Amino acid sequence: EAQLVESGGGSVQAGGSLRLSCTTSGFTFEDFDLGWYRQAPGNECELVASHSSEGTTYYSDSVKGRFTISQDNAKNTVYLQMNSLKPEDTAEYYCAVGPVAASTECFQEYNYWGQGIQVTVSS
């Protein structure tokens, strides 16, 4: 069974950096879309960054220039490097791997999803 395990979250001061990791097993994710989503209490889930199997990279306007999605195929791991963090980045972050992981719709059952990890940015 495919599994995704997230790590690297935590608390940081505004302007700081964090790197989220999503380590996968049970499938070859290079053939699929890769995505990072986030959801804060009271807010809708948001696609933050994605890399499609066709090679297209997407960032939401709110994180463009600050976040970078990358991958290490040998380690079956996808990363989200987050720089210049702002309090509004505070949310639960989820990684996704699958045929529609670049979709703007969250939690599609066609994808495999990580367990979610908290990122808290203080002023």
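The analysis underlying the following values was restricted to heavy atoms, covering all of them including side chains, and did not include hydrogens, waters or symmetry mates. The structure presented is a predicted model; accordingly, all values stated were derived computationally and were not measured. One is the number of the first residue; the rest follow in order along the sequence.
The same ILVMFWY cluster, assembled from side-chain heavy atoms under 4.5 Å apart, contains both Ile69 and Phe32. There is no path of hydrophobic side-chain contacts, each under 4.5 Å, that joins Ile117 to Leu47. Both Val63 and Trp36 are part of a single hydrophobic cluster, where members link through side-chain heavy atoms under 4.5 Å apart.
Within the 4.5 Å cutoff, side-chain heavy atoms of Val119 are placed close to those of Leu18. A heavy-atom distance below 4.5 Å is not found between the side chains of Arg38 and Glu92. In this structure, the side chains of Leu20 and Met82 come closer than 4.5 Å at one or more pairs of heavy atoms. Contact annotation: the side chain of Gln71 approaches that of Leu34 to within less than 4.5 Å [non-hydrogen atoms, C-beta and beyond]. Thr120 is listed as a side-chain neighbour of Gln118, based on a closest heavy-atom distance under 4.5 Å. Two residues are said to be in side-chain contact when any heavy atoms from C-beta on lie closer than 4.5 Å; Val48 and Phe67 meet this criterion.
Applying the 6.0 Å contact sphere to OH of Tyr79 captures more than 12 heavy atoms from other residues, nucleotides or ligands.
Side-chain atoms of Thr68 and Ser70 form no donor-acceptor pair, as typed in the model, at a separation below 3.5 Å.
Here the straight-line distance linking atom CD of Glu6 with atom OG1 of Thr77 works out to 12.0 Å at 0.5 Å rounding. To the nearest 0.5 angstrom, Tyr110 atom OH is 11.0 Å from Glu105 atom CD. Note that the OG1 atom of Thr23 and the CG atom of Leu4 stand 9.0 Å from one another [nearest 0.5 Å]. Expressed to the nearest 0.5 Å, how far OH of Tyr93 lies from CD of Gln39 amounts to 12.0 Å.
Within the structure, every pair that satisfies the salt bridge (Lys or Arg N to Asp or Glu O under 4.0 Å) test and touches residues 61-78, not counting sequence neighbours, is listed here: Asp61-Lys64, Arg66-Asp89. Residues in residues 56-105 take part in these disulfide bond (SG atoms under 2.5 Å apart) pairs, two or more places apart or across chains: Cys22-Cys95.
In terms of modelled atom types and a separation under 3.5 Å, the side chain of Asn111 and the main chain of Ala96 share no donor-acceptor contact. Not one N or O on the side chain of Ser21 forms a donor-acceptor pair closer than 3.5 Å with the backbone of Gly8. Using a distance-only test at 3.5 Å, with no hydrogens or angles considered, a donor-acceptor pair links the side chain of Asp33 to the main chain of Ser53. Thr90 contributes a side-chain N or O that, together with a main-chain N or O of Val121, makes up a donor-acceptor pair within less than 3.5 Å.
Contact detail for Ser123 and Ala14: the closest heavy-atom pair is CA-CB, 4.4 Å.
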Evaluation steps, side chain to side chain contact (heavy atoms under 4.5 Å, CB included), between Glu46 and Cys106: CA-CA 7 Å; Glu46 174 190 18; Cys106 292; over 6 Å; no
Gln81 and Ser17: CA distance, side-chain angles, deciding distance, side-chain hydrogen bond (donor to acceptor under 3.5 Å, both in side chains) verdict: CA-CA 8 Å; Gln81 178 67 45; Ser17 298; 4.5 Å; no
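Between Trp113 and Tyr37, the ring planes lie tilted relative to each other; the angle falls in the 30° to 60° range.
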